[in-house]
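The structure appears right after this line, and notes come after that.
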2 protein chains.
Amino acid sequence: MQESQINMNRLLTPPPAETHHAASAGPKIDCSTCLVGRICLPASLTSTATDCQMVQRRIKIVRGDHLYQLGEPVGDRFYAVRYGSFKTYHLDPGGLQRIVGFHISGDHMALDTMGLTNHRCGAIALEDSEVCEISYDCLHARREALIPLQRHFYTMLSKEIAREQDAALLLRNTRAEQRLTAFLLGISLRYAARGYSSTSFRLHMSRQDIADFLGLTPESVSRLLFGLKSQGLLEVSGRAVTVLDAAGLQRLAGGYVSPPPADEAETRQPQLATAHAA
Amino acid sequence: MQESQINMNRLLTPPPAETHHAASAGPKIDCSTCLVGRICLPASLTSTATDCQMVQRRIKIVRGDHLYQLGEPVGDRFYAVRYGSFKTYHLDPGGLQRIVGFHISGDHMALDTMGLTNHRCGAIALEDSEVCEISYDCLHARREALIPLQRHFYTMLSKEIAREQDAALLLRNTRAEQRLTAFLLGISLRYAARGYSSTSFRLHMSRQDIADFLGLTPESVSRLLFGLKSQGLLEVSGRAVTVLDAAGLQRLAGGYVSPPPADEAETRQPQLATAHAA
DNA sequence: CGGCCAATTGAGGATCGTCAAAGTACGTGG
DNA sequence: CCACGTACTTTGACGATCCTCAATTGGCCG
């Protein structure tokens, strides 16, 4: 966590009503007087938020600095942007930084970490900014007191978000062949995790559905499958698929898997590999 | 909700241990004997799940039938696939069905509806399948008793998922120009919602970041911006943007917006259009 | 003023979509 | 059991989109 007091590049950032000039842990932070309160929180909840000290402190981040690092342990908190803007990113399988999204005032960040132990994304300030740090404690008596079932529920939600992020990552950064390969490998892995054969399975969806999911056309899917067949990587007959060379497919997929298995993909270690520019 | 007793296309679906042949609301459903229990739930939680009657009933769905419809009101429940497979879809701005994802045994569905009132996606069985219906009630004493702050928190998470889904939708189905336009309009809308000018603003991120986020190259972004400029739709100078013809941009974006504003995109009414089966 | 990074511009080419048609699987009905 | 119709899948030719590579311009900071 970084803080600072310098401020520049303030084209769109009106000076906040009253700013504490460091990570301020003042007695009580009043959400009802916050200029972005109506975006960040329903009006009916601002007084509640103030009462239970939802915002524990405000943090200033200098342009270019991290609010939180990728892989960093998650504290029991998330953030709301008070002013300024951020980008969040994660690393693709090649270890390159890839944008997940942009966040401006009123937006929330690190919501996807609720059920995780480490940050999946890093957050960098695009300009000098300030965020409100919000603790989960105000939402539950105490996080440690969460019943395991609830905890698991949160984890599921976080992974749902992670799944969508990974799907978007794949769509943004890969070519058709790589995308399809990653898709097939994903299916294979998921079946394997459930005790089915990972090398011989049936695609229950149509080519149209696969194409749609991968941002392609059915014709392309068909041609690409033929291509993989020609390379001796798999056997395809209609919807029946047999993986012949899993390692070869892995190589083609280049570390991507889509969609990730439902519950078995823990915080993955981004391993460095061949780097290719955008 | 549909149920049936016929079963076919069972290439990958071993007969579940003991199957109730309709939507069965038997006294207690035992998760510890379920074959997918280890995928769907941590082993340490299966007995807890059984005790608090987490799974209220099991539902059979015939191939091609909906588990839930798009736009349908959300009951306080979500689903786990017991066997079979599903696709989830939503409609693009043109009203066409677009795949969100595929789900096989052990996967969860409708998790993204926790904080919503209506289903954002429809779910269709790709083969004869069975799901476990799980109530939120086991996670909290009673959903109605949720404190407003918690409710809002859930809503935020759901919208986070929705945001990611929409981003993926955009990436899959649009061309570069449409994508960039949708991006700019999204920025504009978000600024407007925060009281800033929606017609004149500054892009705080680099062209590289924009390109990365949209699955393009910086060169393309640059060219496309020039194109929009040539069409008289906006004025660009470095990172400063002035929208000249918002209506024209809307037309180009074709109903897409990326990313959706943080909190103002409520449950959209899906208009029925061409439907095509699995 | 000079250096560095970001942004632009240009030329060429690979990828993948579009359109059209033929082939195949599957379920239905005779 | 076989014929038929429908929907899905494959195959082919062509073209647009967008990436790649390279060089130039512009802006910001020391």
Side-chain angles (χ1 to χ4, degrees), chain A residues 6 8-9 11 62-64 87 96-97 99 126-128 170-181 183 202-230 235-241 252 275-278, chain B residues 6 8-11 62-64 87 96-99 124 126-128 170-181 183 202-230 235-241 252 274-278:
Chain A
I6 339 165
M8 42 208 323
N9 283 33
L11 265 190
V62 196
R63 168 186 173 154
K87 67 175 177 185
L96 286 175
Q97 173 181 303
I99 301 299
L126 292 171
E127 56 188 314
D128 289 359
L170 186 84
L171 288 167
R172 280 188 269 250
N173 307 121
T174 63
R175 301 275 180 70
E177 189 184 52
Q178 190 174 9
R179 226 178 282 172
L180 180 61
T181 308
F183 174 73
R202 187 173 171 75
L203 300 170
H204 291 284
M205 66 292 287
S206 67
R207 296 283 193 270
Q208 171 69 59
D209 281 347
I210 297 175
D212 196 47
F213 181 67
L214 296 176
L216 303 170
T217 59
E219 293 95 329
S220 289
V221 170
S222 191
R223 275 186 262 264
L224 290 164
L225 282 175
F226 180 76
L228 295 176
K229 202 162 144 183
S230 299
E235 191 52 52
V236 196
S237 175
R239 299 193 177 182
V241 173
L252 265 188
H276 50 281
Chain B
I6 341 169
M8 43 208 323
N9 282 33
R10 288 276 222 77
L11 266 190
V62 196
R63 168 187 171 151
K87 66 175 176 184
L96 287 176
Q97 179 182 114
R98 315 246 75 143
I99 301 299
I124 295 179
L126 292 171
E127 56 188 315
D128 290 0
L170 186 84
L171 287 168
R172 281 188 268 250
N173 304 320
T174 63
R175 301 274 182 68
E177 189 183 52
Q178 189 175 9
R179 226 178 283 173
L180 180 61
T181 308
F183 174 73
R202 186 171 172 76
L203 299 171
H204 291 284
M205 65 293 288
S206 69
R207 297 281 193 272
Q208 172 68 59
D209 281 348
I210 297 175
D212 196 48
F213 182 67
L214 295 175
L216 303 170
T217 58
E219 294 95 329
S220 290
V221 171
S222 191
R223 276 186 262 265
L224 289 164
L225 282 175
F226 180 77
L228 296 176
K229 201 162 147 185
S230 300
E235 191 52 51
V236 195
S237 174
R239 298 192 176 183
V241 173
L252 266 188
T274 51
H276 51 279

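Atom set for the values below is all heavy atoms of this structure, side chains included, hydrogens, waters and symmetry mates excluded. The chains referred to below are lettered A, B, ... by the order of the sequence lines, with proteins before strands, and numbering in each begins at 1.
No donor-acceptor pair under 3.5 Å is formed between the side chain of B:R63 and the backbone N or O of B:D128. Checking side-chain atoms of A:R179 against main-chain N and O of A:T174 turns up a donor-acceptor pair under 3.5 Å. At least one donor-acceptor pair under 3.5 Å links the side chain of A:S206 to the backbone N or O of A:D209.
If you check distances only, the side chain of B:E219 does reach the base of D:dC21 with a donor-acceptor pair under 3.5 Å. Taking only distance into account, the side chain of A:E177 never meets the base of C:dC16 through a donor-acceptor pair shorter than 3.5 Å.
We find that CZ of A:R202 is positioned 14 Å from P of D:dC8, with the value rounded to whole Å. Between A:R179 atom CZ and C:dG17 atom P the separation is 8 Å, expressed in whole Å. Nucleotide D:dC28 holds its C1' atom 11 Å from the CZ atom of B:R239, rounded to whole Å. Between the CG atom of A:L203 and the P atom of D:dT9 there is a distance of 10 Å, rounded to whole Å. Atom CZ of A:R207 and atom P of D:dC8 are 12 Å apart (whole Å). Separating the NZ atom of A:K229 from the C1' atom of D:dT11 is a distance of 13 Å, rounded to the nearest angstrom. For the pair B:N173 CG and C:dT18 P, the interatomic distance rounds to 11 Å; values are reported in whole Å. One interatomic measurement links the two molecules: CG of A:L224 to P of D:dT9, which rounds to 15 Å at whole-angstrom precision.
For C:dC16, the OP1/OP2 oxygens have no side-chain nitrogen or oxygen of A:T217 closer than 4.0 Å.
Listed nucleotides: C:dC16, D:dC18, D:dT10. Nearest to the side chain of A:S220: C:dC16. For A:R175, the listed nucleotide lying nearest its side chain is D:dC19; candidates were C:dA7, D:dC19, D:dC18.
Using a 4.5 Å cut-off on side-chain heavy atoms (C-beta onward), B:R207 and B:L225 make contact.
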### Message
Between B:F226 and B:S222, does the side chain to side chain contact (heavy atoms under 4.5 Å, CB included) criterion hold? Intermediate values first, please.
### Response
CA-CA 6 Å; B:F226 180 77; B:S222 191; over 6 Å; no
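If you check every strand for non-hydrogen atoms under 4.0 Å, A:R223 touches a base.
Checking A:L216 against B:S206, the closest nucleotide of DNA chain C that is more toward the 5' end is the one next to B:S206.
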